[in-house]
Amino acid sequence: MVEIEIDGRKVEVPEGSMVMHAAEKAGTYIPHFCYHKKLSIAANCRMCLVDVEKMPKPMPACATPVTQGMIVRTQTDKAITAQKSVMEFLLINHPLDCPICDQGGECQLQDLAVGYGASASRYGEEKRVVKPKEVGPLISTREMTRCIHCTRCVRFGQEIAGVMELGMPNRGEHAEIETFIGQSVDSELSGNMIDICPVGALTSKPFRYSARTWELSRRKSISPHDSTGANLIVQIKNHQVLRVVPFENEAVNECWIADRDRFSYEALNGEERLTKPMLKQGGTWQEVDWQTALEYVANGLDEIKATQGASAIGLLASPHSTLEELHLAASLVRGLGSENIDHRLRQQEFGEAEGVRWLGTSIASLTELQSVLVVGSNLRKDHPLFAQRIRQAARHGAAVTAITSATLLKAADAWAMPLRASVLAEPADWAQQLAGVAATIAADKGVPAPAEAQASEAAQAIARALLAGERKAVLLGNAAAQHPNAASLLALAQWIGEQTGATVGYLTEAANTVGAQLVNAQPGQGGLNAAQMLAGGLKAALLLNCEPGPDTAGRALASGAMVVTLSPFKANLDISDVLLPIAPFTETSGTFVNAEGRVQSFHAVVRPLGDTRPGWKVLRVLGDLLGIAQLDSDSSQDVLVQALGAATEMVEPGRLSNRTRAPIRLDSAEARVPAVGIYQLDGIVRRAPSLQLTADALEGAAA
């Protein structure tokens, strides 16, 4: 540790730290623009000039390493004069458009100009103008004249997103931030550039000119999309969501969110919102009141139970539903006497549940891995924030390896991180390739291999990477979980983990995949699984936030006597008989359990749209109409306690397990794994207009 003095206060920081780091630890604010705690140091803006004893000139705090006994002063005339001079230069070309700037009220330049700016400019020449460029449907560059060349956006792309989509060509007043040869900004994390821009040069296209920042109310929430469970700040005006930004949580999402977390809110007020219960009468949809709709559903279920038996009734629930909705929906169907319950809508193998599948480690630990093998995943698109953490590990020397298909890893740089080794094989051959890795490890350690297999050179390189280092993991992606031979992939991964000391886990597909398992939203003894129900094994189907579509599966469901859809949207119109409008995550309280078993509850941030009602309330009332015995629950918190036994921050480790006793099969029978686009994951992102205009969405539609 090195001890230095800042404004008369002594502070100790690790050797190699900068003066800025020491100031942060001491609680001393030094004005800055280009410095960001998550990005490399550029020292572009020079706003952080400070007075360092024995230095003839002011020094940039962000780029000056600490030395033992260093004395730093931030409030001397020397430092203040230097900072004011820098501010004068920064404001020379800055347009005077604060009254219409979306960054107004949140602008670092505006805030610091109050303290360090002059009352009048000495610059009388013509200001420069930067022409706007078209970079995609999410980010607006119409005000790039405001840019102060801090290069935060450039460094974010290189270091966090892994793709250098922006750069700064030319010099002096001709320098501009722009894309390469007219390309667009297509990163799945691109919206974070808006947040880190200190001056409003990059702004949000969907939010542009919608409201002033001080008019917005701010509410905490949790992302309902992938299994990260990103913490959000939802900003609202007049009971309408207008913007979503990250809430910093180092243990989960740091200070970043994915674009689908940021921009999917557009769907919440879209034309496809379902705002009143609807019944299909003579092939025509009619709006009805809640009492009529619920009595219709209750009477229909009672009649089918009486004539066809309870086993003719089933529930298909999306793992993007809240824990409370999943618990009450499963309890409702079991109360009717049926075990036909499932949330594994895309899965193809349905073995007996041996435990709650989870990440196998903490999310934060992904950044510190020294070796990681990812099996069956399009990591960057399936889990953008997990990929970002693994990318940071790779930047610090971690060996990232992969066994996946050419469809999921379309190019060597598709994950925007260096891969030490990768095996591209058809899904049917994944078990064989993973067995090759295991065989190499077995030969190295002198133990019997779990299965006979020939190892390719790439498989041998993967094995060597897993045998090296101390902190390592084997992560099974969405495609591995949905694989027809998923149990064998897990069994092989388990053996590899035992022999190498690696943790083994699933990246898990949805916001509540872990939660759905915890509340047992899957078949009990004799119950039908999702594939069997979608094949037409039901007379009455309850669809909670899921949309089978009008294809073969949808037609098979529609062949029954009654299909009831509970959704915030006008979904399943071709196959449903009843539509019940339930609230999305912004209009209801609830809980999501992320991949690491973190229990995160949230409250409604706006009132329900129209006659929409929280899903847990709808299911509770429906249970009452059906005469199903239920515990009293006046709030979602009561339901949470019923579901988990207690409201805890983390699921008890004993309830989470990736262990398996399944035998290993290496058959290479035809195996197809559904490829789900990044903006096709759930009903909300599918209906977000701006997201559907991105390159990722258009590429998925073309495929």
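The structure displayed is predicted, hence computed values, not measured ones.
- Distance check, rounded to the nearest 0.5 Å: CG of N529 to CD of E349 gives 11.0 Å.
- One finds no salt bridge joining E303 and K539 here, because no Lys/Arg side-chain nitrogen approaches an Asp/Glu carboxylate oxygen to under 4.0 Å.
- The closest side-chain heavy-atom distance from L268 to V606 is not below 4.5 Å.
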Would E266 and S690 satisfy side-chain hydrogen bond (donor to acceptor under 3.5 Å, both in side chains), going step by step from the backbone distance to the final call? CA-CA 8 Å; E266 286 186 291; S690 295; 2.8 Å; yes
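- The heavy-atom pair separating L492 from P450 by the smallest distance is CD2-CG, 4.0 Å.
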As a quick check of understanding, evaluate side chain to side chain contact (heavy atoms under 4.5 Å, CB included) for T228 and N594, giving each step before the final call. CA-CA 6 Å; T228 307; N594 71 1; 5.9 Å; no
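- Side-chain N or O atoms of N572 include one that pairs as donor or acceptor with a backbone N or O of C546 at under 3.5 Å.
- Taking each heavy atom of S633 and V639 in turn, the nearest pair found is CB-CG2, 3.7 Å.
- In this structure a side-chain-to-backbone donor-acceptor pair under 3.5 Å is present from E325 to T322.
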Going through the checks in order, is the side chain to side chain contact (heavy atoms under 4.5 Å, CB included) test met by L490 and V504? CA-CA 8 Å; L490 176 58; V504 176; 4.2 Å; yes
Walk me through whether Q600 and N231 qualify under side-chain hydrogen bond (donor to acceptor under 3.5 Å, both in side chains). CA-CA 9 Å; Q600 300 187 107; N231 289 209; 2.9 Å; yes
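- A salt bridge between R659 and E498 is present, with a side-chain N of the basic residue lying under 4.0 Å from a carboxylate O of the acidic one.
- Side-chain N or O atoms of D261 include none that pairs as donor or acceptor with a backbone N or O of H225 at under 3.5 Å.
- Defined by atom type and a distance below 3.5 Å, a donor-acceptor pair is present between the side-chain atoms of S589 and S636.
- Using modelled atom types and a 3.5 Å distance limit, the side chains of R357 and N658 yield no donor-acceptor pair.
- Checked by atom type, the side-chain pair T660/E354 shows a donor-acceptor distance below 3.5 Å.
- Considering every non-hydrogen atom in both A480 and W430, the closest pair reads N-CZ3, 4.2 Å.
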Would you please test E271 and K570 for salt bridge (Lys or Arg N to Asp or Glu O under 4.0 Å) and show each step? CA-CA 9 Å; E271 296 179 356; K570 295 174 183 176; over 6 Å; no
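- Shown are L580, D611, T612; of these, the side chain to side chain contact (heavy atoms under 4.5 Å, CB included) with K276 is made only by D611.
- No donor-acceptor pair under 3.5 Å is formed between the side chain of K381 and the backbone N or O of L408.
- Put simply, the side chain of S221 does not reach to within 4.5 Å of the side chain of H603, judged on heavy atoms.
- With rounding to the nearest 0.5 angstrom, the CD1 atom of I257 is 8.5 Å from the CG atom of L385.
- Here E339 contributes atom CD and I313 contributes atom CD1; the two are 12.5 Å apart, rounded to the nearest 0.5 Å.
- The two residues A583 and P568 have their closest heavy-atom pair at C-CG, 4.3 Å.
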Side chain to side chain contact (heavy atoms under 4.5 Å, CB included) evaluation trace for L301 with L336: CA-CA 9 Å; L301 292 175; L336 290 169; 4.2 Å; yes
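- Here the CE atom belonging to M533 is positioned 8.0 Å from the CD1 atom belonging to I341, to the nearest 0.5 angstrom.
- A side-chain donor-acceptor contact under 3.5 Å links N512 to the backbone of S321.
- Atom CD of Q532 sits in a crowded spot, with more than 12 heavy atoms from other residues, nucleotides or ligands closer than 6.0 Å.
- A salt bridge links R346 with E509: at least one charged nitrogen is closer than 4.0 Å to a carboxylate oxygen.
- Two residues are said to be in side-chain contact when any heavy atoms from C-beta on lie closer than 4.5 Å; R613 and I582 fail this criterion.
- In this structure, V605 and F585 have side chains that are not in contact, with every pair of non-hydrogen atoms separated by 4.5 Å or more.
- A donor-acceptor pair under 3.5 Å is absent between the side-chain atoms of S488 and the main chain of I664, judged by distance alone.
- Proximity of E188 to R380: side-chain heavy atoms (C-beta onward) are separated by under 4.5 Å at one or more points.
- Taking every heavy atom of both residues into account, L698 and Q692 meet most closely at CD2-O, 3.7 Å.
- Side chains of R219 and T586 form no contact here, defined as non-hydrogen atoms less than 4.5 Å apart.
- To the nearest 0.5 Å, atoms CG (N378) and OG1 (T404) are separated by 7.5 Å.
- With values rounded to the nearest 0.5 angstrom, T648 atom OG1 is found 8.0 Å from L640 atom CG.
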Report the C-alpha distance between F592 and F602 in whole Å, list the side-chain angles of each, state the deciding distance to 0.1 Å, and finish with yes or no for ring-ring contact (aromatic ring centres under 6.0 Å, His included). CA-CA 8 Å; F592 294 130; F602 54 91; 5.1 Å; yes
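- A salt bridge links K410 to E699: one of the charged nitrogens lies within less than 4.0 Å of a carboxylate oxygen.
- For the residue pair T361 and E596, no side-chain donor N or O sits within less than 3.5 Å of a side-chain acceptor on the partner.
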Step by step, work out the side chain to side chain contact (heavy atoms under 4.5 Å, CB included) result for V578 and K280. CA-CA 6 Å; V578 187; K280 186 183 287 184; over 6 Å; no
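- In this structure the side chain of V297 reaches within 4.5 angstrom of the side chain of L622, judged on heavy atoms.
- With N545 contributing its side chain and S318 its backbone, the two residues share no donor-acceptor pair below 3.5 Å.
- A donor-acceptor distance shorter than 3.5 angstrom exists from the side chain of Y265 to the backbone of L242, with no hydrogens or angles considered.
- Tested against S227, the residues T508, I363, V593 include a single side chain to side chain contact (heavy atoms under 4.5 Å, CB included) partner, T508.
- Looking only at distances, no side-chain donor or acceptor of D302 sits under 3.5 Å from a matching main-chain atom of K305.
- With a 4.5 Å cut-off on side-chain heavy atoms, P523 and L528 do not count as touching.
- At least one donor-acceptor pair under 3.5 Å links the side chain of D342 to the backbone N or O of R344.
- A donor and an acceptor atom, one from each side chain of Q432 and D667, are nowhere located under 3.5 Å apart.
- With a 6.0 Å cutoff to the six-membered ring centre and a 45° limit on the axis angle, R687 counts as a cation-pi contact of F569.
- Between T565 and S576, the side chains place a donor N or O and an acceptor N or O closer than 3.5 Å (distance only, hydrogens not considered).
- Between D226 and R260 there is a salt bridge, with a side-chain nitrogen of the basic residue lying less than 4.0 Å from a carboxylate oxygen of the acidic one.
- In terms of heavy-atom proximity, L691 sits nearest to Y679 at O-CD1, 3.6 Å.
- Using a 4.0 Å cut-off between charged side-chain N and carboxylate O, E587 and R607 make no salt bridge.
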side-chain hydrogen bond (donor to acceptor under 3.5 Å, both in side chains) evaluation trace for D696 with T694: CA-CA 5 Å; D696 278 323; T694 60; 5.4 Å; no
